[in-house]
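Report on the following structure.
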Amino acid sequence: MPEALPKEVTLLLHADDETTRDAAWERFVAQHTRLILYVIRKLVRDRDRGMDAYAWVLERLREDGARRLRGYSANGAGKFTTWLVVVARRLTVDFLRHSGGRTQATGTATGDGVGRESQVFRRRLLALAGDTVDLDALRDEHPAADDLLDRSERLEALTQAVQELPSMDRLLLTLRFDDGLQAEQIARTMHFPTRFHVYRRLDRVLTQLRTQLNGRGIDGDE
Amino acid sequence: MGMSEPDAGMPGFLSEEPGERKDLSLLRGSMTPDDANHLDSTTTSAFVEGHLTGAARDRAAAHLAVCASCRDEIVAVREVLTGISTRPMWRRPPVLLAAAAVVALVAIGLPLLQDGRLRAPVPVAVRTPERETRDLSAASPAPDAIVERGPTAQPLVLAWHGAEAGSRYRVNLLDANGETLWSSETGDTSITVPGDIELLPGGSYFWFVDALGTDGRSLTTGALRFSIR
Ligand SMILES: [Zn+2]
């Protein structure tokens, strides 16, 4: 659903002499600087580095006759603003990699806290879906051989069942249990009307997984 | 609209290892993303906007389910867009615009009197269209209250009359420009503003509470002004 190209972008792409192009570029920059800076600040806390990133992003957007912006006009990716956020963010990540920096973002799925919580969420998924699949038990130092076999079978069955889910459901589970995202964030990302819809959908998917495990003779009760 | 066409000129992004959480691969099973298949910016943008449908959406979701870096990206982009649309800096919601207008008028001493009649100031607590103010209302500080804040004052407490039992509330405190100073969530009907949030004497502030009811409906108090003596 491409929207009409913003005027300043159209001007920029259709300028046929240097002066017009410069003027159009100035307009583009004036129009979108706040958005670009906003994107950068999410990834770069340090002000000076942020300004370096800003310069880098502008340079990349302008090079080769604004090739990237032409990419938008050719494909049409929904709102220009959304597309620009994606591209500006990628360029900023690129800048950080080039300049040997680390992403300083927090609040995204890469946040350290999330990584640490990941195991907890995974365990919760296992508990919710499998009821008895216990990762800690899998790591027992001296598990009975039968036990171990039993558990790894259940784990295998769960993995299999997850793989067979529709991809949107798999994404839902991953965002929730792997990345540890809040239901509200998931709702925004996946276009659920409210977080309650997220909970309901999660509940349904987990029920489905449980049913499937039972159907395969994986008993919920130990 | 594909996933295989990388954004040329962004080798850094495209050569990226797909996230640091590869080891936790239960959900992803044995599947690992093929680097060449990262979502391109067009697909990412369309997914974030909810414009992808059918097979294209399923393909994108299948990749997202196994690729931490593309997932990070859609979540981050969504958050940026949400931030832009709720941050007054960018697109000030009408409520705050109206409120800020009142503050500005008062601040620059513009007469509210015109043609000898008192023009009603722009209402501050305007209903936003998609929300209702039915059961939720502010208790303290009262609208346009002047709050005494000596150097030894107790922390400021914001209180409201709640919606139905079991509701969750998001409380927002903004400065006169509509910039969010602080925001928090609670199940209670009052909350203490942390001491490190600076409320300056003479300053005007706004606060509002959004409630999320157990039925998924949301209510808001609308923005309310108070100032600090
Ligand atoms: Zn990817």
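To find a chain, count down the sequence lines: A is the first, B the second, and so on, and within it residues start at 1.
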Heavy atoms of B:Ser45 and A:Lys79 approach each other most closely as OG-O, 4.3 Å
Do A:Asp179 and B:Val75 make a side-chain contact, defined as non-hydrogen atoms from C-beta onward lying under 4.5 Å apart? no
Answer yes or no: are there more than 12 heavy-atom neighbours, outside A:Gln182 itself, under 6.0 Å from its atom CD? no
Ignoring hydrogens, what is the shortest heavy-atom contact between A:Arg89 and B:Asp72? Give both atom names and the distance. NH2-O, 4.3 Å
May I ask you to test the B:Arg78-A:His191 pair for a side-chain heavy-atom distance under 4.5 Å? yes
Separation between CE of A:Met168 and CG of B:Leu64, rounded to the nearest 0.5 Å: 9.0 Å
Looking only at side-chain N and O atoms, does A:Arg90 offer a donor or acceptor that is under 3.5 Å from a partner on B:Thr44? yes
Quick one, A:Asp178 and B:Arg71 - any side-chain contact, counting heavy atoms below 4.5 Å? yes
Any sub-3.5 Å donor-acceptor pair from A:Ser167's side-chain atoms to B:Asp58's backbone N or O? yes
Distance in Å, B:Cys70 SG paired with A:Leu171 CG, rounded so as to fall on 0.5 Å steps: 11.0 Å
On a heavy-atom basis, the closest approach of A:Thr189 and B:Phe47 is O-CE2, 4.1 Å
